[in-house]
Number of protein chains: 2
Amino acid sequence: MKSKLIVTTLTDQVEANIIEYIKENKLVPGDPLPNEKEFVEMFSVGRNVVREAMSRLRMLGILESRTKRGIIVKEPPLLNGFKKVLDPQLLSIPTIKELMGMRIAMEVGIAEFVFTNVTHKDIEELEQIISRQQAIGINNLSIEDEMQFHKKIYEVAGNNFILNFYELMQPVFLFAKHNYESYFEPINKKLQESGELVTHTDLLQAIKDNDKNLYQEKIRRHLRPYWEFLYNYNKRK
Amino acid sequence: MKSKLIVTTLTDQVEANIIEYIKENKLVPGDPLPNEKEFVEMFSVGRNVVREAMSRLRMLGILESRTKRGIIVKEPPLLNGFKKVLDPQLLSIPTIKELMGMRIAMEVGIAEFVFTNVTHKDIEELEQIISRQQAIGINNLSIEDEMQFHKKIYEVAGNNFILNFYELMQPVFLFAKHNYESYFEPINKKLQESGELVTHTDLLQAIKDNDKNLYQEKIRRHLRPYWEFLYNYNKRK
DNA sequence: TTGTTATATTTGTAGGACAAAAGGGATTAA
DNA sequence: TTAATCCCTTTTGTCCTACAAATATAACAA
């Protein structure tokens, strides 16, 4: 029984059919795909529909087409699609809060990898980053400066996917931080006054002391304010 | 200087242009977009190109179109695109290993949330899951059974994004586990013999004891074998 | 065999056509 | 005046044709 409301378009169906075709025929990266005309006949649809479906898969990086040479299956970059939806302008506050929770979990969770991989050279680099930041002054710190330290931590962890993930989410974090600081007083200042501020220096010290549990506790307290503030920020900008 | 090799198609450009249009005009979910014809004129391209670009954004969930009512901006589900590239058939072993590393980090990192949120009722449910699994026998456990426990943990953590993320990655984990066990002896058996097996019972005990650090250590040891085995598995199936 | 040329194929792009759906306006009824 | 109904117009979804650019393939020449 078909509802009058169109829930899936032909393009949606053909897109799913092509994915199914790849799975059923066990195509792996490098394998050629039937060309447009063959899909048109296979699914009995117009060429536009097939092209729209393939265009989507090409955007995700699952397919690659070379003029005349046909279309091949590709190992897709994992975050092609994710990147495009991570626009703070489009996301609700609860969603942004969940992303921030994800970040906290990740950054606590990679501690294991960080402590396994970290070298003296890494520690030196982290010290340099911190001293550059101190030269600027903790309250004049640009958000990009602030993020350098964390990025380096992610690099030490040695997982490219997690690093990419973090970098893609940065615009969202910037939004959260910027909004916090424009509606309230700067986070750093507030925490400094209450004595709860966990600085990058504190984090680095825990790394130097090889105290993983302490590091995890500190990184949590370092990030938590951004997460908690989102509780009280329930309207879209 | 233009290379003769076409790196971006018109569709790619128009897709980027539409995203830029949304940002520049500060459109938020619910706002209407110009219709296809207007974009055709705005960018001086054929209707097909505009449709392909919008079809991509519709797939990601950034746009929604209703026949005649036009197109509106939508808050996109975050993982629409990610879901489609998570096909173990398409991913290389190093990539799968990075995903597994991500999972370990997440599951260690959400401990904080789990320990904050967990209730007696949750613990009862976890006990029921475990006893169902023990009734089956630890070596007869289906992979789905095995995953029930972890899914419940993610639910307790209370972050929908992380939960969705985990569920999407399950096919990849299944692949890793299945391959390990078909090439080597079952993971559980091997670890049991060496006395290193961390069972769900051990994990639950750490939760009952409210010992977060121990839990994190145990969950790491519970998952690590799958991650390490990927080191030695360097060929695509 | 090797190199060149011509042909055919395939993708990218443009544009026309039409059906279905729904908004808006006009007409009619109360 | 207000409310209900009908018709027209707009817009999306789909199909189709056409053509340029690129290149694989075949045919041909040296």
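Quick note on labels: first sequence line is chain A, next is B, and so on, each numbered from 1.
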Among A/R58, A/E36, A/K74, exactly one meets side chain to side chain donor-acceptor pair (under 3.5 Å) together with A/S65. Which residue is that? A/R58

Using side chain to side chain donor-acceptor pair (under 3.5 Å) as the criterion, point out the one residue from B/Q128, B/Q148, B/H200 that pairs with B/Q133. B/H200

Can you tell me the distance, in whole Å, between the [atom1] atom of [X] and the [atom2] atom of [N]?
X: B/M59; N: D/dG13; atom1: CE; atom2: P; answer: 15 Å
X: A/E15; N: D/dG13; atom1: CD; atom2: C1'; answer: 16 Å
X: B/E64; N: D/dG13; atom1: CD; atom2: P; answer: 11 Å
X: A/L33; N: C/dT9; atom1: CG; atom2: C1'; answer: 17 Å

B/K152 atom NZ, over 12 foreign heavy atoms within 6.0 Å: yes

Please confirm whether the ring centroid of B/F43 lies under 6.0 Å from the ring centroid of B/Y21. no

Can you tell if the side chain of A/V49 reaches within under 4.5 Å of the side chain of A/T9, non-hydrogen atoms only? no

Between B/K37 and B/E41, does any side-chain N to carboxylate O distance fall below 4.0 Å? no

Tabulate atom names and distances for all N/O pairs under 3.5 angstrom spanning the protein and nucleotides 13-17 of chain C.
{"from": "C/dT13", "atom 1": "OP1", "to": "B/L10", "atom 2": "N", "distance (Å)": "2.6"}
{"from": "C/dT13", "atom 1": "O4", "to": "A/R47", "atom 2": "NH1", "distance (Å)": "3.1"}
{"from": "C/dA14", "atom 1": "OP2", "to": "B/G46", "atom 2": "N", "distance (Å)": "2.5"}
{"from": "C/dA14", "atom 1": "N7", "to": "B/N48", "atom 2": "ND2", "distance (Å)": "3.3"}
{"from": "C/dA14", "atom 1": "N6", "to": "B/N48", "atom 2": "ND2", "distance (Å)": "3.3"}
{"from": "C/dG15", "atom 1": "O6", "to": "B/N48", "atom 2": "ND2", "distance (Å)": "3.0"}
{"from": "C/dA17", "atom 1": "N6", "to": "B/R47", "atom 2": "NH1", "distance (Å)": "3.2"}

Do the side-chain N or O atoms of A/S65 get closer than 4.0 angstrom to the phosphate oxygens (OP1, OP2) of C/dT10? no

Is the backbone N or O of B/P29 less than 3.5 Å from a side-chain atom of B/E75, with the two atoms forming a donor-acceptor pair by type? no

Output one line per pair: protein atom, nucleotide atom from nucleotides 9-11 of chain D, and distance, for all N/O pairs under 3.5 Å.
{"from": "D/dT11", "atom 1": "OP1", "to": "B/N35", "atom 2": "ND2", "distance (Å)": "3.2"}

Listed by chain and number, what are the salt bridge (charged side-chain N to carboxylate O under 4.0 Å, His left out) partners of A/E112, not counting sequence neighbours? A/K212, B/R220

